[in-house]
Structure formats: structure tokens, C-alpha cells
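Below: one structure, written as C-alpha cells.
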Number of protein chains: 2
Amino acid sequence: MARLPLYLRALTALSERSVPTVSSEELAAAAGVNSAKLRKDFSYLGSYGTRGVGYDVEYLVYQISRELGLTQDWPVVIVGIGNLGHALANYGGFASRGFRVAALLDADPNVVGSTAAGLPVRHMDELEDIVVTQHVSIGVITTPPGAAQQVCDRLVEAGVTSILNFAPTVLTVPDGVDVRKVDLSIELQILAFHEQRKAGDEPSAGDSVLDRAPGPVRAAAAKLRRAAGGGKAADQAKSTPAAKGAKGPDDDLSAVMPA
Amino acid sequence: MARLPLYLRALTALSERSVPTVSSEELAAAAGVNSAKLRKDFSYLGSYGTRGVGYDVEYLVYQISRELGLTQDWPVVIVGIGNLGHALANYGGFASRGFRVAALLDADPNVVGSTAAGLPVRHMDELEDIVVTQHVSIGVITTPPGAAQQVCDRLVEAGVTSILNFAPTVLTVPDGVDVRKVDLSIELQILAFHEQRKAGDEPSAGDSVLDRAPGPVRAAAAKLRRAAGGGKAADQAKSTPAAKGAKGPDDDLSAVMPA
DNA sequence: TAGATTGTTAATCGATTAACAATC
DNA sequence: TAGATTGTTAATCGATTAACAATC
């Protein structure tokens with residue numbers, strides 16, 4: 001349940017304000033989800049609410065924390081102490097939720113020996129030893145992309161079974177190992193994608209208002225553009241592009257053509 | 001389409017190896033998705049493949065880049081130049097994809113005037129001016145959680161319509177404004193959640209193998225625990241907790257009880 | 001032509017949500 | 001009791017995927 005942390009945060013806020021109980025409606029609003037969904041989620045954890053009253057805030061905080069494993073101690077290694085590794089080592093949200101930075105590792109001799117967040121940066125050679133002796137099961141990779149898979153392999157080999165990957169690479173891992181990827185460029189690309197659709201698409205041949213239409217219309221518009229030889233489409237080996245424009249009903253573009 | 005950046009990365013790798021064409025099967029494997037899904041995704045962009053051959057790599061790279069808006073210049077402001085803001089300012093993936101850091105902003109006079117990634121850190125007072133004059137439409141928030149909503153409001157007011165939020169807060173924005181949240185603690189919590197289910201749950205009363213069973217069984221197990229008065233359940237104002245254990249067919253736990 | 005692979009349909013699956021009986 | 005709110009069902013929605021006709 002990827003929504004549990006969301007609920008937990010909202011509940012923690014209520015707890016700090018000493019709110020004793022909360023209804024599914026209120027909590028759902030605070031967490032930004034549908035109240036039926038929230039009730040269903042909670043019902044999977046067991047039925048912790050009271051009809052006519054709502055949910056006991058403290059009790060729910062405890063149950064969700066336990067369900068998420070936040071009542072345990074999770075030693076974590078961070079590999080690659082560049083800017084991002086530094087930032088993560090200092091990240092406040094770690095310690096408060098049971099995540100303990102067991103070690104910072106880097107391959108660069110110039111970085112090894114320096115200090116980040118009060119911890120010494122140690123050399124990659126110590127990876128296996130640290131993972132084994134400190135029972136580390138979660139690894140955070142903040143290396144350059146080229147080194148990520150190699151680091152991942154070593155972590156897995158040493159016994160790590162969960163990896164948080166910040167390098168822009170798809171990691172290959174054996175079954176039983178979880179990988180979660182945080183990719184800043186992907187997040188920004190998605191924003192740019194939506195941004196582009198917002199403030200007035202420029203009215204060029206290849207990027208018209210047609211692109212905002214539903215699927216079939218957009219596909220038809222794309223065919224039109226290629227038929228017109230716009231952009232790189234002209235380079236493509238399309239045998240009879242112009243003839244394709246008016247074959248079946250699906251290809252009849254008169255309804256979507258500007259007058 | 002949140003998968004386009006994924007495809008683009010796989011295609012870029014192929015492009016660098018000068019691979020001319022790729023089948024949906026191959027590309028899907030590289031991107032880690034189902035090939036039918038990939039073909040469907042591409043069909044929404046227009047039909048850029050050739051039956052019996054596959055997709056032209058270069059052409060697809062171009063089309064997806066254009067679709068994502070990566071052929072444009074996107075000025076971005078980063079607000080909150082702590083460790084994370086620093087890391088982002090230096091993040092290589094930005095510039096290479098058309099994202100240009102227009103300004104770094106911070107409220108702390110001790111930080112203002114310093115340099116990060118070759119750019120001067122400027123004071124929050126300049127926010128509105130920078131957004132307007134540089135036509136910034138994307139803002140990145142790396143402030144402490146308490147300041148995030150306020151910063152967000154100012155960004156939106158000034159004209160920003162896309163926000164990448166690293167602060168652990170749910171931001172409220174008007175319609176037409178996109179927010180994407182990157183929350184490191186949530187990612188780690190999800191890993192810990194799965195991690196907990198993996199290497200042998202300890203056989204305590206409140207955290208048994210029953211928790212791995214399908215929904216109904218787990219709910220029943222949870223009821224059992226409460227009926228048994230385990231954990232904080234005893235503190236709860238449950239009128240007749242013990243009596244609840246054997247009321248209807250749903251509450252019959254004999255089928256899931258250990259012998 | 002024969003083999004390969006797309007584009008698309010239709011089936012499947014899972015997630016979301018409205019609605020309401022159960023019950024505090 | 002009357003009002004409120006949960007827990008859960010059933011309907012809805014959207015996303016995924018197998019399958020295959022179209023066609024290179």
C-alpha cells in the first residue's frame with residue numbers, strides 16, 4: 001500500500017494537534033484521497049474504526065507505523081557521496097522514521113575520509129563487510145549512472161534486498177530484490193509534458209490543437225501530418241503516404257480539419 | 001504518459017549504439033514493460049512503426065522528445081538552497097533535457113549571495129520579478145516543509161504552473177497547476193514495508209504469518225489480535241471485544257488458526 | 001511469397017468509488 | 001432513539017494484455 005505513508009503523515013499532523021478521533025471523510029480530505037478508498041485501505045489492515053465515531057488517531061498512527069515497519073531499526077548504506085549523497089545523508093526524514101545511516105561509501109579516494117552528516121565516508125572496498133556485519137538490507141545508490149549496476153550487483157551479492165536508486169539507469173536485480181527508482185529528470189519531463197499542453201501550443205503544422213483531441217482524432221491528425229510530409233516523416237520509407245489519407249472511415253479527416 | 005521518458009532513455013541508448021530499428025518486443029524488454037502496452041502507447045502518438053520491420057530509432061527519439069517538450073527551453077527556479085537544492089542545482093540531467101536553472105532562491109541571508117553550480121543564490125524577494133521576466137513556468141521547491149505552501153503560493157501567484165515538490169507536505173494549488181511530489185521518506189517507507197514482509201516476520205502475536213495471507217484472512221487475523229487484547233487494542237474502547245470473535249461466519253477463525 | 005511485426009480489438013484484470021446495511 | 005460513520009458490496013472505470021488481422 002503506497003498510500004499508507006500518506007495517511008501516516010496526515011495522522012501525525014492530527015496527533016500533534018492532539019485531535020483524538022478523525023472520520024474517514026476528514027482524513028481522506030487531508031490526505032487528498034477518496035474516503036471510500038481510505039476506508040477500504042484501512043479495512044485491509046483490520047477494522048480499526050468505530051461506526052458513528054471515526055478512527056482513533058493515536059491508535060491508527062501506531063498500527064500504520066507497525067504495518068510499514070517503522071517501529072523497527074533499518075540500517076541503510078548510501079553509495080556515492082556526491083551532492084545528492086550528501087543531501088540524503090543529511091536528510092531529516094531518515095532518522096525520524098527508523099532509518100539509520102550505517103555507512104557512507106564512495107569509490108573516489110579524494111572523497112573517502114571526508115565527513116558528511118557527521119559520518120566518515122568509507123571506501124567501496126568495505127561495502128561487503130559493512131553490509132554483512134551491520135545487517136544492512138536497504139541500499140541507496142547515488143552514484144553516476146555508469147557505476148550504478150555494478151554497485152547494485154555488489155550490494156545484492158552482499159545481501160541487500162531493497163534498493164533505492166537515484167541513478168538514471170534501469171537496474172537489473174534477481175527475484176526477491178525490490179528496486180524503487182527516484183529519477184529527477186523523469187519527474188521534470190512529465191511536468192514539461194503537461195506544461196507544453198497548457199499555455200497555447202504553437203500553431204505549427206506538427207503541433208496543433210488536434211493533439212489535444214481524444215485518441216482516434218489525434219491518431220488521425222498524426223497520419224495527416226505524415227501524409228503531408230511534415231518533419232522527419234518525409235525521411236521514412238512510406239510507400240504511398242498520400243494515398244493513405246482517404247481509405248476507410250477512420251481516415252476521413254474532413255471532420256477534424258481546420259476550415 | 002509517464003512511460004515516455006522511460007522509452008526515451010532506452011531509445012537513446014540504442015541510438016548511441018547506432019541501432020537503426022527496434023521491434024516493440026525488444027524495446028519493451030529494454031524498458032521493462034509489456035510489448036502490447038508499448039505499441040498502444042506509441043499508437044497514441046501516431047503510428048510511427050513499420051509492420052514486419054519495427055520502429056526507426058532516430059525517428060522515435062525525435063518524436064518522443066518533441067512530445068515531451070524536450071526540444072524547448074524550460075527555465076526553472078529552485079527555491080530553498082540547502083543540501084538538496086545544491087544537489088539539484090548541480091544535477092546533470094537538467095541541462096541535457098532543456099531544463100535551464102534560471103535562478104536559485106533562498107530566504108536565509110547567510111545563504112543569499114553564495115554560489116551553487118556557478119549561479120548566485122538570490123533572495124526570495126526577487127522571486128516574482130524573476131518568474132515574470134524570465135518566463136519561468138516550472139518551480140522546484142526544496143524548502144523545509146513549513147515554508148513549502150507559502151513558497152508554492154508565491155510561485156503560483158507569480159505565474160508558475162508546474163511545481164516539483166521535494167518538501168514532505170501536500171501542496172494545495174488552484175486548478176491548472178500541476179504538482180509532482182518526490183518524497184524520499186515515502187520511497188524508503190515503501191521499501192521498508194516490503195522488506196518487512198520478506199526475511200521472516202518474527203512470530204510475535206501481532207505480526208504473524210497470517211499477515212501474508214489474502215485480504216479476508218488477514219482482516220480476520222487482525223480481528224483475532226484485537227479480540228486477544230494484543231498491543232494497544234486493549235486501550236481501545238471496544239465494548240465487548242472478546243465476544244466479537246465468534247459471531248458470524250466471517251469471524252470464524254478456525255480455518256486460519258494454527259493447529 | 002513467407003516471415004515478421006505493427007496497430008487495434010476485445011477480454012481481462014485490478015483499482016476506484018457510490019451506495020448502503022450494519023452498528024456505534 | 002436518532003444521527004453519524006464505518007465496513008463492505010456491487011457498479012464503474014481505466015489500465016493492461018493476449019490475440020490476431022493488416023501489412024510491410
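These numbers come from a predicted model, not from an experiment.
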Provide, to the nearest angstrom, the distance between the [atom1] atom belonging to [X] and the [atom2] atom belonging to [N].
{"X": "B:E25", "N": "C:dG3", "atom1": "CD", "atom2": "P", "result": "19 Å"}
{"X": "B:R39", "N": "C:dT9", "atom1": "CZ", "atom2": "P", "result": "14 Å"}
{"X": "A:F42", "N": "D:dT6", "atom1": "CZ", "atom2": "P", "result": "10 Å"}
{"X": "B:N34", "N": "C:dT8", "atom1": "CG", "atom2": "P", "result": "17 Å"}
{"X": "A:L38", "N": "D:dT5", "atom1": "CG", "atom2": "P", "result": "14 Å"}
{"X": "A:Y55", "N": "D:dA4", "atom1": "OH", "atom2": "P", "result": "18 Å"}
{"X": "A:Y48", "N": "C:dC24", "atom1": "OH", "atom2": "P", "result": "17 Å"}
{"X": "B:K40", "N": "C:dT12", "atom1": "NZ", "atom2": "P", "result": "15 Å"}

Side-chain contact check for B:S43: nearest option of D:dA10, D:dA18, C:dG7 is C:dG7
From the set C:dA19, C:dT6, D:dT17, return the single nucleotide nearest to any side-chain atom of B:K37.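 Closest of the options to the side chain of B:K37: D:dT17.
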With a 3.5 angstrom cut-off on both distances, give the Watson-Crick or G-U wobble partner of C:dT23, or none if there isn't one.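 D:dA4 - that is the nucleotide pairing with C:dT23, both distances being under 3.5 Å.
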So which nucleotide does C:dC13 pair with, by the Watson-Crick or G-U wobble rule with both distances under 3.5 Å?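 By the stated definition (distances under 3.5 Å), D:dG14 pairs with C:dC13.
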Under 4.0 Å between a side-chain N/O of A:T50 and OP1 or OP2 of D:dT6, yes or no? no
Mark yes or no for whether A:Q149, through its side chain, and A:T172, through its backbone, hold a donor-acceptor pair below 3.5 Å.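 Yes; at least one donor-acceptor contact below 3.5 Å.
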Residue pair B:V173 / B:C152: nearest heavy atoms and the distance that separates them: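 Distance-wise, the nearest heavy atoms are CG1-SG, 3.5 Å.
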Shortest non-hydrogen contact from A:R39 toward A:Y55: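 Taking every non-hydrogen atom into account, CG-OH, 3.7 Å.
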Centroid separation under 6.0 Å, is that true for the rings of A:Y48 and A:F42?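 No.
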Less than 3.5 Å apart, any donor N or O on the side chain of B:D41 or B:Y7 sitting next to an acceptor on the other? yes
Identify, between A:G52 and A:R3, the residue whose nearest nucleotide on DNA chain C lies closer to the 5' end. A:R3
Mark yes or no for a side-chain to base donor-acceptor pair under 3.5 Å between A:R51 and D:dT6, with no hydrogen or angle criteria applied. yes
